[in-house]
> 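Following this message is one structure expressed as structure tokens.
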Amino acid sequence: MPIQFQRTDQGDESMLRIAGSLDVLTAPELMPTIDALVEERRPRVVCDLSGLDIIDSSGVAALVALYKRVRAVGGQVVVVGARDQPLAIFKLLRMDKVFSI
Amino acid sequence: MPIQFQRTDQGDESMLRIAGSLDVLTAPELMPTIDALVEERRPRVVCDLSGLDIIDSSGVAALVALYKRVRAVGGQVVVVGARDQPLAIFKLLRMDKVFSI
Amino acid sequence: MAARPTIRLIVPGTLAHRAVAVRVVAEACRLVSAPGIERTADGAAYDLRHPFDAEFVSAFAEIYNNIAIHAYGRRTDGGEIELAIAVEPGALTVEIRDRGAPFDIGVVSSPDLDSLPEGGMGIHIARALLDEVVYEPGPPNLWRLVKRIAPSAVTTATADASA
Amino acid sequence: MAARPTIRLIVPGTLAHRAVAVRVVAEACRLVSAPGIERTADGAAYDLRHPFDAEFVSAFAEIYNNIAIHAYGRRTDGGEIELAIAVEPGALTVEIRDRGAPFDIGVVSSPDLDSLPEGGMGIHIARALLDEVVYEPGPPNLWRLVKRIAPSAVTTATADASA
Ligand SMILES: Nc1ncnc2c1ncn2[C@@H]1O[C@H](COP(=O)(O)OP(=O)(O)O)[C@@H](O)[C@H]1O
Ligand SMILES: Nc1ncnc2c1ncn2[C@@H]1O[C@H](COP(=O)(O)OP(=O)(O)O)[C@@H](O)[C@H]1O
């Protein structure tokens, strides 16, 4: 599976599960979902990356865009479950602290 | 995992589970196990291929050797659980009937 | 080859390098059987579930093994294997060239399947799974493997997304 | 390159062909990080669990993406990408050549990681994960990627078998 994502809302929280590979080819598929979260001004977005196997700089850029845009409309973003290659890339880019992984 | 195999004896029956890929590179690893089954004149050998993903002509040759040699010393061989690519290859070589798959 | 090769690979003609060649052929299969479906760099996405892919790769592996074993005699300094791959809509052509010992494919007989053969099945498998298996002795020796796919067997991006 | 390339690959310089190149590089990584462990034609055996493999493939994918996007401008008729791979005990060298637009790598600045950048991270990632990232404008443009492995990080056949 190249990429899979799933959004589940519960009260103020939107859970966004991203699995597979988030990269230059698949990151654009995530954009409509990000647009919707921003438009709906969701107060809290939890990004569950426990199913994410691979990320590249375009995938990181998509997550940064999600983070900045949700915060810009007053929401909170947390990233949970990152492991293996994605976790290593976040650490390399010092984003593990921002995302409070 | 290139190849994994496991032999379990229960009474007259030896269960041989072969998983992964049985091919020109890995089939030789199976030979000592076949030698032992023949030497011990096991009355019944069940080859469980439900974990086998890939086989090539050398892998088929190894199973044929197992079949012929166990039978030559009075034993029985049945092959169970073949699926996907291995099953297609057995059918192509008309070995599905011999192995009573 | 009729179509212009789009992918070329050169590897040492040893069994240790077979996996490199198989990966490339498997990816080329997907460009034919599942065009437009972007694949990932991740191993989990790699599979041979599409019969076209499984059949082509099985056939290719037999021919590759034969070159490494028979043409190059399992030597690690024997020479190279070169692939020229043409991906077309609905068809895959893989040409394989080696500089090992040529042989006369005309004298190779079909295996007697009723006698449970323990060898001599490789070329038979390749021929049964592909539309075309041509050998021309060299140097370089040339194998041309061709397989066409029925349009209905092509996985479209749309079909996959709805699955 | 210091070592003689043992594997060569030519693909069209598009993102659609990235998977072919990544597969070949991933296999080459394994010939360095897990020599002597025979791999299968099966997808299940393909993984990037060894840090050497994951790091090299991550870096390579960034450089490949840049060539397809920046040098070839995402065109599908832009030209080819050529890999020359040298597998040595303890080191992997991948040279990448393209005939797209050259650029001045000297003016590319490091990303300001404190400002949460949304781009400009690719070359930074590649440099951080590899021992050597050299770019020479062409034609052909050349990227030389080198990574060495600590002997202790090599998976031996024996260690794997006992695992
Ligand atoms: N590439 C090759 N170069 C030289 N001889 C070959 C080659 N491929 C096949 N042969 C010959 O043809 C015979 C039949 O090949 P094959 O059907 O693959 O069965 P096997 O390799 O198990 O013998 C081989 O035993 C060998 O003598
Ligand atoms: N192969 C290339 N050909 C031409 N320009 C390139 C190439 N690689 C990188 N660049 C230039 O360097 C910049 C930085 O590249 P990079 O760090 O990978 O980030 P990004 O690609 O996200 O911008 C690119 O925006 C581009 O202008």
Side-chain angles (χ1 to χ4, degrees), chain B residues 1-3 19-31 34-35 38 45 47 49 51-73 75-79 82-101, chain C residues 13-23 25-26 29 43-44 46-74 76 108 110-130 133 147:
Chain B
M1 206 84 43
I3 190 171
S21 176
L22 187 62
D23 62 23
V24 65
L25 289 170
T26 60
E29 297 178 40
L30 198 61
M31 287 308 153
I34 297 180
D35 290 344
V38 171
V45 177
C47 234
L49 304 184
L52 189 68
D53 299 309
I54 302 271
I55 199 165
D56 73 1
S57 62
S58 303
V60 172
L63 293 181
V64 168
L66 167 67
Y67 180 87
K68 286 185 172 173
R69 292 178 56 202
V70 169
R71 283 172 64 102
V73 295
Q76 255 196 332
V77 178
V78 289
V79 175
R83 55 170 177 80
D84 299 334
Q85 191 265 5
L87 181 59
I89 294 290
F90 291 143
K91 286 189 173 163
L92 169 61
L93 297 173
R94 286 195 262 131
M95 291 187 178
D96 49 329
K97 290 185 186 72
V98 182
F99 289 159
S100 52
I101 290 173
Chain C
T14 71
L15 291 177
H17 290 87
R18 185 184 57 167
V20 178
V22 163
R23 299 279 168 208
V25 170
C29 286
Y46 179 88
D47 68 69
L48 295 174
R49 270 173 298 184
H50 198 297
F52 181 88
D53 303 20
E55 289 169 11
F56 203 110
V57 166
S58 298
F60 172 79
E62 297 290 345
I63 301 300
Y64 186 102
N65 288 344
N66 277 349
I67 294 171
I69 293 169
H70 299 301
Y72 283 133
R74 289 185 187 264
T76 54
V108 175
S110 290
D112 173 12
L113 297 180
D114 295 322
S115 74
L116 278 185
E118 289 181 58
M121 294 174 282
I123 292 174
H124 177 78
I125 289 175
R127 284 183 170 147
L129 295 177
L130 302 180
V133 176
K147 189 174 178 69

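What's counted below: heavy atoms across the whole structure, side chains too, no hydrogens, waters or symmetry copies. Quick caveat: nothing in here was measured; it's all calculated off a predicted structure. Below, chain A is the first sequence line, B the second, and so on; all start at residue 1.
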> Step by step, work out the side-chain contact (heavy atoms from CB on, under 4.5 Å) result for B:Val64 and C:Met121.
CA-CA 12 Å; B:Val64 168; C:Met121 294 174 282; 5.5 Å; no
> Answer yes or no: is there a side-chain heavy-atom contact under 4.5 Å between C:Leu129 and B:Ile89?
yes
> So, applying side-chain contact (heavy atoms from CB on, under 4.5 Å) with C:Glu62, which one of B:Val24, B:Asp56, B:Asp23 is it?
B:Asp56
> Please find the pair of heavy atoms, one from B:Leu92 and one from C:His124, that lie closest to each other, and give the distance.
O-NE2, 4.3 Å
> Determine the option with the most heavy-atom pairs under 4.5 angstrom with chain B, choosing from C:Gly119, C:Pro117, C:Ala128.
C:Pro117
> With side-chain contact (heavy atoms from CB on, under 4.5 Å) as the criterion, how do C:Val57 and B:Gln85 come out once you've worked through the C-alpha distance, each side chain's angles and the decisive distance to 0.1 Å?
CA-CA 10 Å; C:Val57 166; B:Gln85 191 265 5; over 6 Å; no
> At a heavy-atom separation under 4.5 Å, does B:Asp84 approach chain C through its side chain, its backbone, both, or neither?
neither
> In terms of heavy-atom contacts, does CZ of C:Arg74 have more than 12 from other residues, nucleotides or ligands at under 6.0 Å?
no
> Test your reading of the model: is there a side-chain donor-acceptor pair from B:Lys68 to the backbone of C:Leu116, 3.5 Å cut-off?
yes
